[in-house]
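What's counted below: heavy atoms across the whole structure, side chains too, no hydrogens, waters or symmetry copies.
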Amino acid sequence: MSEIEKKQEYKRELGLADAALLVASGMIGSGIFIVSADVTRNVGSAGWLILVWLIGGFMTLIAAVSYGELSGMFPKSGGQYIYLKEAYNPLVAFVYGWSLFTVIQTGTIAAVCVSFFKFLAYFFPLFSEDLVAFKIGESFTVSPAQLSSIVLLFILTYINTKGVKLGKWIQKFFTGTKLISLLILIVFGFIFFKPEVWQANWTNPFHLQKLNPDGSFLQYTNTPAFWGAIASALVGTVISYDAWNNVTFVSDEIKNPKRNIGLSLLLGTAVVTIIYVSLNIMFTAVLPIEAIGTPEKDRVGIAAAQAIFGSSGTSIIALMILIASFGCANGMILSGARVYQSMAKDGLFFKKTAILNKYSVPANALWIQFFMAVILSLSGRYGNLLDMISFVVVLFYVITIAGIFVLRIKKPKHERPYKAFGYPFLPAIYILLGSAFCILLIIYKPTYTWPGLIIAGIGIPIYYIREKFLTQKK
């Protein structure tokens, strides 16, 4: 192997603990402190609030242990993109990569970075999203939070161009800190347990009803309203649990990937599921259900912290969200670029993104990802796009897990160091649950469906235009 070829190889710098922390870091952002408000407005009861989080966690755990088989078969950077290409064809893989680049990964990065400064404004008001940094015309305004997020994006992207080792230590520190902080918050919440609040919330815990912004309740009177409420509630939890698969994007940088990727997926998703469910149970122990569903700007985490710690609660949660957002953004920046590099190696992305720099990282891919995230940050539409893309996110998970069945037939003799736990039952359950979620959104919440489908669908003509261009070039 020549020196040039060696420089084009990733370095295996990430151990099992690093990989598990990358899973947890990608999942835990600011969403867990906010999403429960919207979930509660849709379901109107403590039992359903917890059940929705349990359903999201159960789906995530099944998907994670199912991905263990795929990661063992194809321990290559690019992860889900590679699995789709091997199980189906390059078109399916490209549409996934296109969706990841245009909104799933970059939109999440943009949202998390802006969220960092939204909460930094609690300490330094000049970063507020409510201020206007500059304005073009009557409709396009940019806040200091959006502008500052670009600076954070630049800093984290630059750090990650200098090798995976520095990014790894940033990941360890911030992810470890936010996990410990969440555990402390949960413990203090149960120490300051309010019996009267708990009793009121859990007297009739599975009475599904709509909670209005004014705190009043509205009964669901028909089946479509019932299932529409469940689908809407699940959207937030699906997004909050998402990004667990980012560790598969960096497979070439993980030591003993055939073992450690699958194990890190299981450990990371299990820990986050336990934390998410415990945190929401704690919410029901310190806040009436009406307060969980109607806090200012949906900041249920702050409302809970104020109930526990008094006026200092706001600062405590703001600091926790800063830590969570920083670590989440770093992990997603680090991992996402590896997918575009894998696509470029297959001729499906900008040619220069296939090149690794002298630190053995895809610097060009990192910077292209940076520019896309900047565009979404300035647009101010990333939050809506993420809600709308939830359909496509789950759809691709369903297609990927179905690929396990396809590969058992297509490549029966391929090495499988780890086989999907509970096969064929658990993967089939995920396919059923994920499909049901997508169908419910199509029927009852089309606004969450068509924008995501359109974004993903645009990738199809782009793929064929590229194929036609290459054919003519030959």
Side-chain angles (χ1 to χ4, degrees), residues 1-14 18-19 21-22 25-26 75-82 93-94 96-110 112-113 116 149-174 243 245-255 257 326-378:
M1 185 181 288
S2 69
E3 288 301 313
I4 293 176
E5 288 174 322
K6 286 181 181 178
K7 288 180 181 179
Q8 288 303 304
E9 286 188 337
Y10 285 109
K11 294 180 180 179
R12 297 199 182 277
E13 300 275 7
L14 306 174
D18 302 316
L21 287 173
L22 186 58
S25 178
K76 303 173 184 177
S77 286
Q80 191 168 344
Y81 163 79
I82 299 293
F94 175 80
Y96 169 73
W98 162 262
S99 302
L100 199 79
F101 175 70
T102 52
V103 68
I104 296 175
Q105 195 81 0
T106 50
T108 305
I109 291 169
V112 170
C113 286
F116 177 90
S149 73
I150 296 172
V151 177
L152 179 59
L153 271 166
F154 179 86
I155 292 170
L156 289 177
T157 299
Y158 177 77
I159 288 171
N160 278 283
T161 64
K162 298 303 178 182
V164 75
K165 189 174 288 187
L166 182 55
K168 175 183 77 172
W169 284 108
I170 291 174
Q171 207 61 30
K172 274 186 173 180
F173 174 78
F174 281 94
N245 62 328
N246 276 210
V247 71
T248 68
F249 300 165
V250 296
S251 299
D252 282 331
E253 291 157 285
I254 295 175
K255 300 170 185 175
F326 194 93
C328 181
N330 181 71
M332 297 200 75
I333 288 170
L334 183 155
S335 56
R338 274 64 177 172
V339 178
Y340 319 133
Q341 193 265 347
S342 294
M343 292 173 69
K345 285 169 66 178
D346 293 334
L348 296 175
F349 205 70
F350 301 110
K351 188 175 180 180
K352 288 188 176 182
T353 58
I355 301 170
L356 302 184
N357 67 6
K358 64 181 181 180
Y359 300 105
S360 299
V361 295
N364 292 329
L366 282 161
W367 286 118
I368 289 175
Q369 177 180 254
F370 162 78
F371 285 114
M372 189 65 198
V374 166
I375 292 170
L376 291 176
S377 293
L378 292 175

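Between Phe249 and Ile82 the shortest side-chain heavy-atom distance does not fall below 4.5 Å. With a 4.5 Å cut-off on side-chain heavy atoms, Leu356 and Val361 do not count as touching. Residues Val247 and Ile254 meet the side-chain proximity criterion, which asks for heavy atoms closer than 4.5 Å. Side-chain contact check for Lys255 versus Leu14: every heavy-atom pair is 4.5 Å or farther apart.
Ala373 approaches Ile109 most closely through the heavy-atom pair CB-CG2, 4.2 Å. Of all heavy-atom pairs between Ala329 and Cys113, the closest is CB-SG, 3.9 Å. Heavy atoms only, all atoms of each residue included: Gly26 and Cys328 are closest at O-SG, 3.6 Å. Between Met332 and Ala243, the closest heavy-atom pair is CE-CB, 4.0 Å. Annotation for Ser251 and Pro257: closest pair O-CB, 3.7 Å, computed over non-hydrogen atoms.
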- Task: List the steps, then state whether ring-ring contact (aromatic ring centres under 6.0 Å, His included) holds for Phe101 with Phe349.
- Result: CA-CA 10 Å; Phe101 175 70; Phe349 205 70; 5.2 Å; yes
- Message: side-chain contact (heavy atoms from CB on, under 4.5 Å) for Ile170 and Phe326? Distances and angles first, verdict last.
- Response: CA-CA 9 Å; Ile170 291 174; Phe326 194 93; 3.8 Å; yes
- Message: Determine whether Tyr10 and Gln341 satisfy the following criterion, side-chain contact (heavy atoms from CB on, under 4.5 Å), listing intermediate values before the conclusion.
- Response: CA-CA 11 Å; Tyr10 285 109; Gln341 193 265 347; 3.1 Å; yes
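Here Phe371 contributes atom CZ and Ser377 contributes atom OG; the two are 12.5 Å apart, rounded to the nearest 0.5 Å. Separation of atoms CD (Gln171) and OG (Ser335) is listed at 8.5 Å; rounding is to 0.5 Å. Between Trp98 atom CH2 and Thr102 atom OG1 the span is 5.5 Å, to the nearest 0.5 Å. Considering OG1 of Thr108 and CG of Leu100, their distance stands at 8.5 Å, rounded to 0.5 Å. The distance from the CG atom of Asp252 to the CD atom of Glu9 is 8.5 Å, given to the nearest 0.5 Å.
Pairs engaging residues 101-110 under the salt bridge (charged side-chain N to carboxylate O under 4.0 Å, His left out) rule: none recorded [sequence neighbours left out].
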Under 3.5 Å donor-acceptor pairs involving side-chain atoms of residues 150-160, not counting sequence neighbours:
residue	atom	partner	partner atom	Å
Thr157	OG1	Leu153	O	2.7
Asn160	ND2	Leu156	O	2.8
Asn160	ND2	Asn330	OD1	3.0

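Residues satisfying the side chain to side chain donor-acceptor pair (under 3.5 Å) test with Tyr81, not counting sequence neighbours, are Asp346. Applying the side-chain contact (heavy atoms from CB on, under 4.5 Å) test to Lys172 and every residue at least two apart in sequence or in another chain returns Asp18, Leu21, Trp169. Considering only residues two or more places apart in sequence or on other chains, Gln80 meets the side chain to side chain donor-acceptor pair (under 3.5 Å) condition with Tyr67, Tyr96, Asn245, Thr400. Scanning for salt bridge (Lys or Arg N to Asp or Glu O under 4.0 Å) contacts around Lys162 gives an empty result, with sequence neighbours left out.
The only option from Arg338, Lys165, Arg12, Lys11 that meets the side chain to side chain donor-acceptor pair (under 3.5 Å) definition with Glu253 turns out to be Arg338. None of Val339, Leu366, Ile368 except one satisfies the side chain to side chain contact (heavy atoms under 4.5 Å, CB included) rule with Thr353; the exception is Ile368.
Gln105 and Asn246 share a side-chain donor-acceptor pair at under 3.5 Å.
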